[in-house]
Amino acid sequence: MQKLRTALIIGATSAAITFLFGGWSAVVVGVIAGAVIGMTYGQRSALRTPNGIGREAVVPGLVGGLVVVLGGVIHQFIVRPATGQSPFFTHTLRFFGSNAQIDSITVLIISSVVAILAAAAAAFLIGSAQGLPPDKRNRQIAFALGGFLLLFPFYEQITNLNWMGALITVQIYILLALGLNIVVGYAGLLDLGYAAFFAIGAYTTALLNSPRIEIQWNFWLVIWIAAAVAAIAGIVLGAPTLPLRGDYLAIVTLGFGEIVPVIFRNLIAVTIREPFTRFCFVGCDPAVEVRIACLYSCEGPLNLTGGEAGVNPIGRPVIPFTPDSLFGSSSYLPWYFLVLALIVFSIFLISRLRDSRIGRAWMAMREDELAASQMGIDPVKTKLLAFSMGATFSGFAGAFYGAYIAAIFPGVFDFSVSVIILCMVILGGLGNMIGVIIGGILIMGTDRLFLPQIATLLKKFMQVSVLPNVSNEALRDFLSTSVDPIQMRLALFGIVLVIMMLVRPEGLVPSAERRAELHAGEEPRGAPVTADEPTT
């Protein structure tokens with residue numbers, strides 16, 4: 001039982017998802033739970049052969065899969081009746097454009113069996129990888145992860161899980177968090193205005209690929225221009241912050257993050273004139289200057305960004321020899337693979353930067369800027385490159401986001417976006433890309449996938465099982481309007497961060513260097529007292 005305790009904990013945590021969604025979600029959750037169990041048991045196993053470790057992880061994988069399936073059973077026979085839904089219903093499967101009807105009991109049986117077997121197989125595969133040399137281990141894990149990511153969207157569409165829209169948003173924020181990790185995790189520069197670069201990338205795409213100013217360039221060109229413009233903006237932000245550190249740097253970046261959305265919100269009456277001759281270039285007065293001076297927009301001041309109404313529509317990507325509707329509003333598969341390719345590309349570039357000379361300079365400056373400068377590292381160049389590189393990946397995310405939703409609004413890029421991205425980096429682990437990705441999945445997955453589902457089930461539960469039994473009208477109104485997890489999302493994130501700072505300040509999966517920095521000077525309990533230490 002002692003050996004299975006970890007499997008029970010991981011299975012119970014994963015079962016919370018099947019408890020909320022039920023049905024076919026058990027297969028996906030079973031694979032993830034099995035992989036986590038295999039990695040955990042593989043790292044703790046006394047065996048060193050891959051097959052031995054894998055076989056040892058199979059039984060815990062089966063146990064974790066059974067617990068995951070139990071969550072799905074509870075959802076179907078307890079949660080659904082409590083929320084006014086029948087446990088017996090018909091589910092629709094999609095196969096190559098045709099639909100097939102299958103009853104809920106059959107879905108439960110098939111998904112349960114497949115989930116248990118998938119959990120055991122994932123535990124064996126990932127567990128056995130822990131006994132391989134580092135290069136082969138990483139290759140096997142990458143192969144398994146790649147296969148899962150490539151097959152998942154097809155499984156999601158066949159089983160009609162309706163997760164894809166939320167998962168694409170999660171991927172966008174992961175891309176943002178990877179860029180912020182350069183600034184905060186590697187270089188140690190606290191940036192509270194990171195959403196500004198997100199806005200710059202999005203508005204660059206909107207202005208260069210939208211009918212608003214009659215410029216509609218190809219998305220595959222615009223995305224690189226957006227990244228370059230964001231990189232330049234990173235240098236513009238970094239230049240005046242060079243003498244600043246700590247709280248003062250955070251305040252300046254916070255101000256920058258507040259200024260940029262305000263600028264985009266107010267670029268609704270743009271007129272550009274040459275200062276000496278007053279020659280008009282943009283937004284001229286049609287009654288006076290249209291025939292002699294105006295080079296662009298001769299119908300009065302130019303409404304560049306649309307103010308609160310934003311820019312709409314924005315052009316979408318087009319691939320030669322494919323239908324123009326490939327990247328449509330309801331076609332999630334192309335968007336999923338595009339943002340996944342951007343994430344893989346970003347991970348490759350960032351890993352190369354981290355292992356390069358500039359990456360080592362960032363980490364040296366993070367540990368001690370004065371010592372780094374004395375060793376020959378140029379702090380000006382190092383800081384500017386950190387801001388610029390971090391902003392570049394935010395520009396990629398902004399360009400993708402603008403094309404994905406086909407509209408941009410200034411209210412999307414408020415301060416809360418910067419805070420959420422920073423929370424993803426801190427929760428996952430500063431300076432570790434794997435940790436940042438895990439933090440992004442946990443925070444944004446909770447925000448965009450789990451909390452809406454909890455709110456839906458809770459609302460139905462209140463209407464069916466609670467409110468009819470409440471006689472006090474004031475209390476009934478309070479419960480019907482105030483018990484909403486989505487309204488308390490920021491409070492929930494805050495509670496999680498407080499707990500993390502008290503229990504594990506380095507994050508869930510921190511880098512070894514960052515863990516050593518945060519725990520420097522700590523002595524293990526029971527350590528002998530040296531002669532230089534005072535005794536009491």
Side-chain angles (χ1 to χ4, degrees), residues 11-33 64-119 152-167 330 332 445-471 473 475-489:
T13 304
S14 304
I17 303 176
T18 54
F19 175 85
L20 293 175
F21 294 94
W24 295 107
S25 65
V27 177
V28 179
V29 179
V31 172
I32 297 174
L66 285 170
V67 178
V68 167
V69 166
L70 179 61
V73 174
I74 293 174
H75 171 87
Q76 182 155 334
F77 293 106
I78 297 179
V79 174
R80 288 185 64 88
T83 55
Q85 305 172 80
S86 173
F88 307 103
F89 58 95
T90 302
H91 193 89
T92 302
L93 298 179
R94 299 174 181 175
F95 291 100
F96 304 104
S98 61
N99 296 333
Q101 303 296 325
I102 183 171
D103 64 273
S104 60
I105 299 300
T106 305
V107 170
L108 181 62
I109 294 173
I110 295 176
S111 62
S112 299
V113 173
V114 175
I116 294 172
L117 295 178
F152 169 76
F154 300 102
Y155 174 83
E156 192 272 347
Q157 285 205 338
I158 292 174
T159 57
N160 203 16
L161 281 176
N162 295 322
W163 287 4
M164 194 59 67
L167 291 181
S330 59
Y332 290 122
T446 301
D447 186 42
R448 299 305 171 96
L449 193 62
F450 302 140
L451 283 183
Q453 181 69 5
I454 293 173
T456 300
L457 293 177
L458 186 60
K459 182 178 180 180
K460 293 178 180 179
F461 176 74
M462 298 289 290
Q463 292 174 348
V464 173
S465 304
V466 177
L467 296 181
N469 300 319
V470 177
S471 58
E473 184 176 354
L475 178 60
R476 187 165 56 250
D477 293 340
F478 171 78
L479 292 176
S480 61
T481 58
S482 300
V483 182
D484 187 357
I486 296 179
Q487 296 179 2
M488 298 180 287
R489 53 192 282 270

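Both backbone and side-chain heavy atoms feed into the values below; hydrogens, waters and symmetry mates do not.
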Could you pull out the closest heavy-atom pair between Gly22 and His75, with the gap in Å? CA-CD2, 3.5 Å
Looking at every heavy atom in both Val470 and Arg476, which two are closest together, and how far apart are they? O-NH1, 2.6 Å
Decide yes or no for Val29 and Phe21: does some side-chain heavy atom of the first lie under 4.5 Å from some side-chain heavy atom of the second? no
Show the nearest heavy-atom pair for residues Leu458 and Pro485, with the distance to one decimal. CD2-CD, 4.0 Å
Closest heavy-atom pair, Ala118 versus Val31, reported as atoms and distance to 0.1 Å, is CB-CG2, 3.6 Å
Answer yes or no: is there a side-chain heavy-atom contact under 4.5 Å between Val27 and Thr159? no
Output the distance between atom CZ (Phe450) and atom CD1 (Ile454), rounded to the nearest 0.5 Å. 8.5 Å
Atom pair CG/CG of Leu167 and Leu161 - distance to nearest 0.5 Å: 9.5 Å
Distance col, row Leu66:CG vs Ile116:CD1, nearest 0.5 angstrom, shows 4.0 Å
Quick one, Leu457 and Gln85 - any side-chain contact, counting heavy atoms below 4.5 Å? yes
Rounding to 0.5 Å, atoms CZ (Phe89) and CD (Gln76) come to a distance of 5.5 Å
Are the side chain of Ser111 and the backbone of Leu108 linked by a donor-acceptor contact shorter than 3.5 Å? yes
Pro452 versus Asp447, closest heavy-atom pair with distance: CD-O, 3.4 Å
May I ask you to test the Ile158-Trp24 pair for a side-chain heavy-atom distance under 4.5 Å? no
To the nearest 0.5 Å, what is the distance between CZ on Phe88 and CD1 on Ile105? 5.0 Å
Are the side chains of Pro87 and Pro81 in contact, using a 4.5 Å heavy-atom criterion? yes
Measure from the side-chain N and O atoms of Arg448 to the backbone N and O of Ala166, and report whether any donor-acceptor pair falls under 3.5 Å. no
Residues Asn162 and Glu156: closest non-hydrogen pair is N-OE2, 2.8 Å
Taking atom CZ as the centre, does Phe478 end up with more than 12 heavy-atom neighbours from other residues, nucleotides or ligands that are less than 6.0 angstrom away? no
Please indicate whether Gln101 has more than 12 foreign heavy atoms, meaning atoms of other residues, nucleotides or ligands, lying under 6.0 Å from its CD. yes
Taking atom OG1 of Thr83 and atom CD of Gln463, what is their separation to the nearest 0.5 Å? 10.5 Å
